[in-house]
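Here the structure is laid out as structure tokens; the discussion comes afterwards.
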There are 2 protein chains.
Amino acid sequence: MPRRIDAEARTAEIAEASLRVLERDGLAGLSVRGVAAEAGIAAASLRRSFATQHALREYCLQLIEDRVTARISALELTGRALVDGLLLQLLPLDKERRLELVAQVQLGVLSLTDNRLRPPAIRLSEGVDRACHAAVQILIEAGLFNEQRDPGYEAQRLRALLDGIAMRGLWSGELPASSHMPGLLTRHLDSLANP
Amino acid sequence: MPRRIDAEARTAEIAEASLRVLERDGLAGLSVRGVAAEAGIAAASLRRSFATQHALREYCLQLIEDRVTARISALELTGRALVDGLLLQLLPLDKERRLELVAQVQLGVLSLTDNRLRPPAIRLSEGVDRACHAAVQILIEAGLFNEQRDPGYEAQRLRALLDGIAMRGLWSGELPASSHMPGLLTRHLDSLANP
DNA sequence: TCTTTATTAGTACGAGTGTACTCACAAAGT
DNA sequence: ACTTTGTGAGTACACTCGTACTAATAAAGA
């Protein structure tokens, strides 16, 4: 009887349009009317998928997490190459990853003053934490991690370094100048094997 | 003839009220009426100091930079203690520093989509860069920097690490849990002397 | 074909926004 | 005492916002 059964596809489209709006216009542009226009649908249709603006913002964070984890899961690598690939998924090295990171930071900053947004923001952050700990574990198993080092500390330091490099890449304009970001990261990963 | 010649004092009060609003209510709260209420003055009086909302936001970034540099200049330390004190001024270790960092991130994120805000944001970022390079230089002069290391690379890595630790401190709620932030930093600084 | 449903466009409301005024008051310098 | 000036409170305009409706349209299943 119904007209269509899209549901999920529709919400995904809307959320992806939201990410584009977040990168182009920032938080101020993430309005019901603005996102609907970007998605090419009517505002009333958007409110059928997301009854409230908060639900939309929440789903955006969820979508970012899903997309990143999907990309990481798709990596068919091992050892050091896997560690590189894994961590590079969290840096704004191309348009897609920059889009996600900008949106993530915008919503993350909003979560500082909107407590309802903190749970999904924390979930996302914990995911990155797990990735860093996993990276250290992979290095250990590959014999690329000096045994004198403290795995827990190195995972934390790696997390901070990763965030810092990502931020640096964000502020410093576009993608070209940020091509030396991976260098900083890989050089750090190299150093974990030595002393 | 005039009534008072405050000028600077007034603008400083307003900007400090703005920082408080930014931490409490976020970017959405940084409105003319909202800041005026926080500062305890009339909206019309605020617009005498800041003709436009953009000027207010711009001055906030400037004020943050001034406050941080003032605190750093006031440090009467040398060697490693100076490096520690210098870098700790950029972490959200107390209410004042957290206030500044939250405001800085809020406006920094806004500068991603408001190009007029980029110059002051970039200035602030470059100041942090200089601090990191200075920190490395101080370590070298104090003999706490292994000569096999690359000063330029270590300055960049320090910068990223500092930003990452600061971000971590921001997201993870309040100040208590972030007391292990300095540990991460000092441990890294220690390691610069060795291998 | 008929019925059911999703989508659309449009409108409406109350609130908040930046910006721009006016007018009365209070304080300081001459 | 008088004049100049900053301040305060208030008002206004045009806009956007989230949210909530309506009525009309289009498409799919029965």
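Letters A, B, ... mirror the listed sequences (proteins, then strands); counts begin at 1.
Within the structure, salt bridge (Lys or Arg N to Asp or Glu O under 4.0 Å) contacts touching residues 134-144 of chain B (residues at least two apart or in different chains) do not occur.
Put simply, A:R47 has no side-chain N or O that comes within less than 4.0 Å of OP1 or OP2 on D:dG18. Between B:T52 and C:dT19 there is a side-chain N or O to OP1 or OP2 distance below 4.0 Å.
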Stepwise, does the salt bridge (Lys or Arg N to Asp or Glu O under 4.0 Å) test hold for B:R116 with B:E58? CA-CA 9 Å; B:R116 302 173 304 170; B:E58 210 167 18; over 6 Å; no
For B:R80 and B:D84, what are the C-alpha separation, side-chain angles and deciding distance, and is it a salt bridge (Lys or Arg N to Asp or Glu O under 4.0 Å)? CA-CA 6 Å; B:R80 174 59 191 272; B:D84 279 8; 2.9 Å; yes
Quick one, A:D129 with B:R168, criterion salt bridge (Lys or Arg N to Asp or Glu O under 4.0 Å). Give me CA distance, side-chain angles, the key distance, then yes/no. CA-CA 11 Å; A:D129 259 333; B:R168 190 120 187 85; 2.5 Å; yes
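Both A:A43 and B:V32 sit near DNA chain C, but only A:A43 has its closest nucleotide nearer the 5' end.
For the pair B:I14 CD1 and D:dG8 C1', the interatomic distance rounds to 13 Å; values are reported in whole Å. For the pair B:L46 CG and D:dG10 C1', the interatomic distance rounds to 16 Å; values are reported in whole Å. Taking atom CG of residue B:L27 and atom C1' of nucleotide C:dG18, one finds them 16 Å apart after rounding to whole Å. Residue A:D114 contributes atom CG, which lies 14 Å from atom C1' of D:dG18 at whole-angstrom precision. When rounded to the nearest whole Å, the span between CG of A:L30 and C1' of D:dG18 equals 12 Å. Rounded to a whole Å, the CD atom of B:E58 is 17 Å from the C1' atom of C:dG18. Note: CD1 (B:I41) to P (D:dT7) measures 8 Å, nearest angstrom.
Looking at heavy atoms from C-beta onward, A:E100 lies in side-chain contact with A:R71 at the 4.5 angstrom threshold. Contact of the A:L88 side chain with the A:R97 side chain is registered, since non-hydrogen atoms from C-beta on lie closer than 4.5 Å.
Comparing D:dA9, C:dG10, C:dT19 by their closest approach to the side chain of B:A44 singles out D:dA9. Between C:dT7, C:dT19, D:dG10, one nucleotide has an atom nearer to the side chain of A:R10 than all others, and that is C:dT7. Comparing atom distances between the B:R48 side chain and each of D:dG8, D:dT19, C:dT19 picks out D:dG8 as nearest.
Rounded to the nearest 0.5 angstrom, A:I72 CD1 and A:L90 CG are separated by 5.0 Å.
Base contact: B:S45 has a heavy atom under 4.0 Å from a base atom.
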Distances under 3.5 Å between nitrogen or oxygen atoms of protein and nucleotides 11-15 of chain D:
| residue | atom | partner | partner atom | Å |
| --- | --- | --- | --- | --- |
| D:dA12 | N6 | B:R33 | NH2 | 3.2 |

